[in-house]
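The structure appears right after this line, and notes come after that.
In this chain, residues are counted from 1 in sequence order. Because the structure is a prediction, the values reported are computed rather than measured.
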Amino acid sequence: MAVAHDVEMENVNLNMEREGKEELEEKMREDEECKDPPKSRKVHRIVSKWMLPEPARRTYLERANCLPPPLFIISISLAELAVFIYYAVWKPQKQWITLDTGILESPFTYRPEKREEAWRFISYMLVHAGVQHIVGNLLMQLVLGIPLEMVHKGLRVGLVYLAGVLAGSLASSIFDPLKSLVGASGGVYALMGGYFMNVLVNFREMIPAFGIVRLLIIILIVGSDMGFALYRRFFVPANGSPVSFAAHIAGGFAGMSIGYTVFSCFDKALLKDPRFWIAIAAYFACVLFAVFFNIFLSPAN
């Protein structure tokens with residue numbers, strides 16, 4: 001009886017092991033089906049070389065799959081494009097090059113005399129001053145934002161982007177307090193600032209030759225975009241309305257602090273990194289100062 005019982009137990013154990021192996025193989029097949037096909041895997045390898053230092057690439061490639069897609073950057077870009085088309089097509093405009101009349105009356109635009117409408121400190125990112133303005137911002141945030149979101153996912157990229165947007169409007173309200181503000185440049189420059197700092201810090205590990213090219217491309221884009229922003233601010237036509245450029249600078253600084261911390265914690269718990277809390281504390285200190293300034297000290301009061 002004891003021998004028969006042992007044989008029965010062995011059969012049970014073998015069946016359990018067989019079922020466990022089958023479940024594991026089935027799970028592996030499902031994972032393989034979910035993972036991207038060979039061409040997409042090649043895309044992931046290219047993205048990892050551009051976005052991550054060498055030690056983090058293997059971890060990314062092991063995790064890389066088809067889900068979730070980069071929804072944040074695509075969604076925010078579509079929203080900005082939709083708002084632009086609304087003001088360029090459905091609202092009467094003389095030309096698409098500049099939409100001063102329509103956008104300055106928009107409920108989304110940040111205007112110093114309407115600072116009590118707090119949503120304008122964020123919603124101004126949806127409105128753009130013309131074709132060059134929106135094309136430049138969309139191009140930069142799609143080319144850089146999609147790879148960043150593939151690596152870091154939408155929550156982290158959205159945090160950096162919106163931190164740059166809010167920093168841009170608050171900085172504009174302090175350093176250019178009598179001017180309106182439109183455009184997503186604060187968020188775009190936050191992404192660029194975070195990426196720029198990662199390339200700078202991990203220069204040797206992110207392919208030096210390409211690293212130089214990337215830095216030069218960033219400098220070229222920033223220079224041309226800042227030139228256009230300065231033109232809109234100081235050399236606007238007599239019948240136009242000057243728009244502040246402070247969001248570019250503030251967004252860049254937000255990216256170089258919060259963005260760098262977030263993007264450098266790819267394979268680490270962000271909330272356990274003391275650098276993240278230091279950056280957040282400094283950011284909120286600046287936000288509180290800006291709120292105090294707008295309530296009590298602003299020339300627009």
**Request:** Have a look at S77 and tell me which of I134, L138, N137 forms a side chain to side chain contact (heavy atoms under 4.5 Å, CB included) with it.
**Result:**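 Among the candidates, only L138 passes.
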
Heavy-atom closest contact ([X] atom, [Y] atom, distance):
X	Y	value
Y60	H44	OH-ND1, 2.7 Å
H128	M125	CE1-O, 3.3 Å
S298	P177	OG-CB, 4.1 Å

Could you check whether any side-chain N or O of [X] sits under 3.5 Å from a backbone N or O of [Y], counting only pairs where one atom can act as donor and the other as acceptor?
X	Y	answer
T261	F276	no
R111	S180	no
S172	S169	no
R57	R45	no
Y124	V165	yes

**Prompt:** Do the side-chain N and O atoms of S106 and Y87 include a donor-acceptor pair separated by under 3.5 angstrom?
**Reply:**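 Yes, side-chain donor-acceptor contact under 3.5 Å.
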
**Message:** Show every side-chain hydrogen bond (donor to acceptor under 3.5 Å, both in side chains) that has at least one partner inside residues 153-167, sequence neighbours left out.
**Reply:**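 Those involving residues 153-167 are E80-Y161, Q141-Y161.
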
**Message:** Let's go through F175 and I249 carefully: what are the C-alpha distance in whole Å and the side-chain angles of both, what is the deciding distance for side-chain contact (heavy atoms from CB on, under 4.5 Å) to 0.1 Å, and is it a yes or a no?
**Reply:** CA-CA 11 Å; F175 298 106; I249 300 172; over 6 Å; no

**Request:** Indicate, with yes or no, if F266 and I46 share a hydrophobic cluster defined by side-chain heavy-atom contacts under 4.5 Å among Ile, Leu, Val, Met, Phe, Trp and Tyr.
**Result:**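 Shared cluster, yes.
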
**Asked** Going only through I, L, V, M, F, W and Y residues with side-chain contacts under 4.5 Å, is there a path from L271 to F263?
**Response**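 Looking at the clustering, F263 is in the same group as L271.
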
**Asked** What salt bridge (charged side-chain N to carboxylate O under 4.0 Å, His left out) pairs are there with at least one residue in residues 273-289, not counting sequence neighbours?
**Response**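 As it turns out, the salt bridge (charged side-chain N to carboxylate O under 4.0 Å, His left out) pairs with a partner in residues 273-289, which skip direct neighbours, are D273-R275.
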
Let me check something: any side-chain donor-acceptor pairs from residues 281-291 under 3.5 Å, sequence neighbours excluded? List them with distances.
unit_1: Y283; atom_1: OH; unit_2: A163; atom_2: O; d: 2.7

**Request:** Give a yes or no on this: more than 12 heavy atoms of other residues, nucleotides or ligands lie within 6.0 Å of atom CG of L155.
**Result:**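 No - once you tally the heavy atoms of other residues, nucleotides and ligands closer than 6.0 Å, there are 12 at most.
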
**Prompt:** Can you tell me if CZ on F253 sees more than 12 non-hydrogen neighbours from other groups inside 6.0 Å?
**Reply:**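 Atom CZ in F253 is not packed in, count stays at 12 or less.
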
**Request:** Before accepting this row, confirm whether a basic side-chain N of the pair E117/K114 lies closer than 4.0 Å to the acidic partner's carboxylate O.
**Result:**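 No, E117 and K114 are not salt-bridged.
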
**Request:** Look up atom CH2 in W277 and atom CG in L270, then write down how far apart they are to the nearest 0.5 Å.
**Result:**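 Separation between the atoms: 8.0 Å.
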
